[in-house]
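Everything on this sheet refers to the single structure shown next.
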Amino acid sequence: MASNPIPEEVLMNEALIQDLQEVAKDSALLHGVLMRTRESPSSSEVVSYAPFTLFPTPVPRDLFEQALQVQTHFNLLVDRISQDAEFLERALASTIEVDDFTARLFSIYRQVLKEGCSQSLALGLNRSDYMLDSGKDGGTSLKQIEINTIAASFGGLSSRTPIVHRHVLKVAGLLDVEKKILDNNPAAGLAKAIAKAWELYGSERAVVMFLVENVQVNIYDHRYVENELWNRNIAVIRRRFADVYKGGFLDQDKRLFVDGREVAIVYFRNGYMPQNYTEQGWEARVMMERSRAVKCPDIGAHLAGTKKVQQELTRPGVLERFFPDNPTAVAQIRATFTGLYTLDMGEEGDRTVAMALANPEHFVLKPQREGGGNNIYGEEICQVLDKARGSPDRTAYILMDKVQPQATKNYLLRSGCAVKLSSCLSELGVFGAYIRQDKQMVLNECAGHLLRTKSAEHSDGGVAAGVAVLDNPLIV
């Protein structure tokens, strides 16, 4: 990792830090880096700043550019996996036997395949997340943690954080450092893709529907993308699963109507965890997937983001299946992979269990879940695998090498929490957007980036989970 351009005398100057944190919080409020409060999560009467770092975090330019450049390949990979029923069936066969949530999703996928797809347009908005691994040879490399193909968040708020950090650095007298913060507007990039898909759907009366959670602390992250669409004169509605169940129907052409409005795009900002669904919610999901509305993501792309698929992609020859004539794409994607190991029943899975039990501190045990806070570390790996060692229950997980990032010093600003200098770890996310019409890619872009940072004392958890905070890469 490159050295930190924030001088030590700035980081250790208590009086300056006291002034800067007030400036930073006010700047975040001025520029809309906002969340609803935990005390009033359904109301915008009282809001606070979204948690963020006082200073941006240094990221080496070559690794940052590597992450951006590989994103269009990952977009293609997700789209191709989503259409490959044979691969998904084989990759997820063991998982759906023991993981009810993945099994429910896969049953919808099978139902849609059997009926035949109603919509030739595919819209994907994903985010590939990385950490910078400080390897044994002393070098630093980019390693993918996961790819989020549903409800990838913080494209909105991360569009506003550069201006906050630039202001903080100016007030701190670090004018040369301030220039190292890049412009970033994922909200515009994501909205551009939604707008293009809406246009291709071909009905000016139809709306974009954000499918949202019952309680939405992170609503302003959505609003930035919504407002970009309204600025293009595209109507947006916000509905929950229960609303779609009660007020939704398909006409004879399988067009989706909700509360009397034809829906062109269903943009899932919910539906990635089992607790997001009731039985009525599952029925609503089936109705949406069967419809002519463009789903973001459709059920195939949702399944393409599972941890089990991530692990299967590291097997020899699998990437070549999806890029038979593009060895460059294969090499660039594979360069971001870290060690991923199957826990399927059999000799290979048994070796994985033994390896994890011998050195649990070297690994992360990952279930098929999104949303942060789900991964298992250290001695808890032993507890889970000891219990499930000879049982198919272990196939609900995959094992991954634990990436070893280099810590940096920073201050984490979180409402109601004391501000102190912390040893921090960061995760870089890159947003991707694609549209396919039949077999043709109409749009395939990198849509921006996101940096999240947490105290090194925490193993797992994102911003929405209350552990990580928003940040900006300081390109060095």
Side-chain angles (χ1 to χ4, degrees), residues 78 81 87-107 109 127-131 133 143-151 271-277 301-316 318 336-404 427 458-462 465 467:
V78 168
I81 292 169
F87 172 77
L88 282 172
E89 184 95 39
R90 187 173 68 249
L92 295 171
S94 59
T95 305
I96 62 178
E97 292 296 321
V98 295
D99 188 281
D100 289 341
F101 180 60
T102 308
R104 291 289 296 258
L105 295 172
F106 199 81
S107 71
Y109 180 66
R127 195 189 71 225
S128 186
D129 291 338
Y130 306 91
M131 294 184 90
D133 189 32
K143 294 300 173 192
Q144 187 184 57
I145 303 302
E146 63 183 355
I147 189 160
N148 303 275
T149 61
I150 181 170
Y272 50 89
M273 294 190 290
Q275 56 266 42
N276 298 152
Y277 293 87
H302 186 170
L303 290 168
T306 54
K307 303 299 183 290
K308 183 59 181 173
V309 165
Q310 183 188 4
Q311 177 256 306
E312 287 293 317
L313 290 173
T314 65
R315 290 188 179 280
V318 173
T336 69
F337 287 167
T338 188
L340 290 148
Y341 311 97
T342 182
L343 284 161
D344 285 355
M345 302 305 290
E347 287 184 15
E348 188 180 4
D350 290 344
R351 286 195 297 272
T352 300
V353 171
M355 183 173 68
L357 292 174
N359 294 288
E361 68 280 3
H362 292 168
F363 302 101
V364 182
L365 192 64
K366 306 182 86 167
Q368 312 298 318
R369 296 291 179 269
E370 304 299 332
N374 299 299
N375 296 335
I376 297 166
Y377 299 83
E379 282 306 308
E380 198 180 344
I381 292 178
C382 297
Q383 295 168 20
V384 172
L385 290 184
D386 267 334
K387 187 176 177 182
R389 185 190 301 221
S391 162
D393 289 350
R394 75 190 196 191
T395 62
Y397 303 88
I398 64 162
L399 192 74
M400 178 174 149
D401 283 345
K402 189 176 181 182
V403 176
Q404 303 291 342
E427 189 168 312
H458 294 291
S459 295
D460 193 22
V467 175

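All values below come from the heavy atoms of this structure, side chains included, with hydrogens, waters and symmetry mates left out. Position 1 is the first residue of the sequence, and the numbers go up from there.
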To the nearest 0.5 Å, what is the distance between CD (Glu427) and CG (Asp129)? 4.5 Å
Between Leu399 and Met355, is there a side-chain heavy-atom distance shorter than 4.5 Å? yes
Nearest non-hydrogen partners of Ala93 and Ile96, listed with the distance: O-CG1, 3.4 Å
Is there side-chain contact between Gln311 and Lys366, with heavy atoms separated by less than 4.5 Å? no
What's the separation between atom CZ in Phe106 and atom NE2 in His302, rounded to the nearest 0.5 Å? 13.0 Å
Please confirm whether the backbone N or O of Phe337 pairs with a side-chain atom of Lys143, one donor and one acceptor, at under 3.5 Å? yes
For Glu379, look at atom CD and say whether over 12 heavy atoms of other residues, nucleotides or ligands are found less than 6.0 Å away. no
Nearest 0.5 Å, what's the CG-CG distance between Asp393 and Leu385? 11.5 Å
Exam field: side chain Gln310 to backbone Ile145, donor-acceptor pair closer than 3.5 Å: yes
Side chain proximity check, Phe87 to Leu313, heavy atoms < 4.5 angstrom: yes
Taking the side chain as every heavy atom from C-beta outward, state whether Tyr397 and Ile376 have any atom pair closer than 4.5 Å. yes
Any side-chain heavy-atom pair of Glu380 and Pro360 under 4.5 Å: no
Would you mind checking if Glu146 and Lys307 are paired as a salt bridge, meaning a charged N to carboxylate O distance below 4.0 Å? yes
Does atom CD of Glu347 have more than 12 heavy-atom neighbours, drawn from other residues, nucleotides or ligands, at distances under 6.0 Å? no
For the residue pair Ile381 and Glu361, establish whether any side-chain heavy-atom pair is separated by less than 4.5 Å. no
Least distance between heavy atoms, Tyr277 atom then Gly271 atom: OH-O, 2.8 Å
Return the CG to CD distance between Leu365 and Gln383, rounded to the nearest 0.5 Å. 11.5 Å
Does the side chain of Asn375 reach to within under 4.5 Å of the side chain of Pro367, using non-hydrogen atoms? yes
Using 0.5 Å steps for rounding, measure from the CG atom of Asp99 to the CD atom of Glu97. 11.5 Å
For Tyr341 and Phe363, take the angle between the two ring planes, folded into 0 to 90°, and tell me which bin it lands in: parallel under 30, tilted 30 to 60, perpendicular over 60. perpendicular
For a side chain to side chain donor-acceptor pair (under 3.5 Å) with Lys308, tell me which candidate from Thr342, Thr395, Thr102 qualifies. Thr342
Report the C-alpha separation of Ser94 and Met345 in whole Å, then their side-chain angles, then the decisive distance to 0.1 Å, and conclude whether the side-chain contact (heavy atoms from CB on, under 4.5 Å) test is met. CA-CA 8 Å; Ser94 59; Met345 302 305 290; over 6 Å; no
Would you call Arg351-Glu348 a salt bridge at under 4.0 Å N-O? no
Drop me the distance from Asp401's CG to Thr338's OG1, to the nearest 0.5 angstrom. 4.0 Å
Under the criterion side-chain contact (heavy atoms from CB on, under 4.5 Å), which of Leu88, Leu303, Thr95 is the partner of Val309? Leu88
Considering all heavy atoms of both residues, which atom of Ala301 and which atom of Thr149 are nearest to each other, and what is their separation? O-OG1, 2.8 Å
Taking all heavy atoms of Arg389 and all of Arg394, pick out the closest pair and write down the distance. O-NH1, 2.7 Å
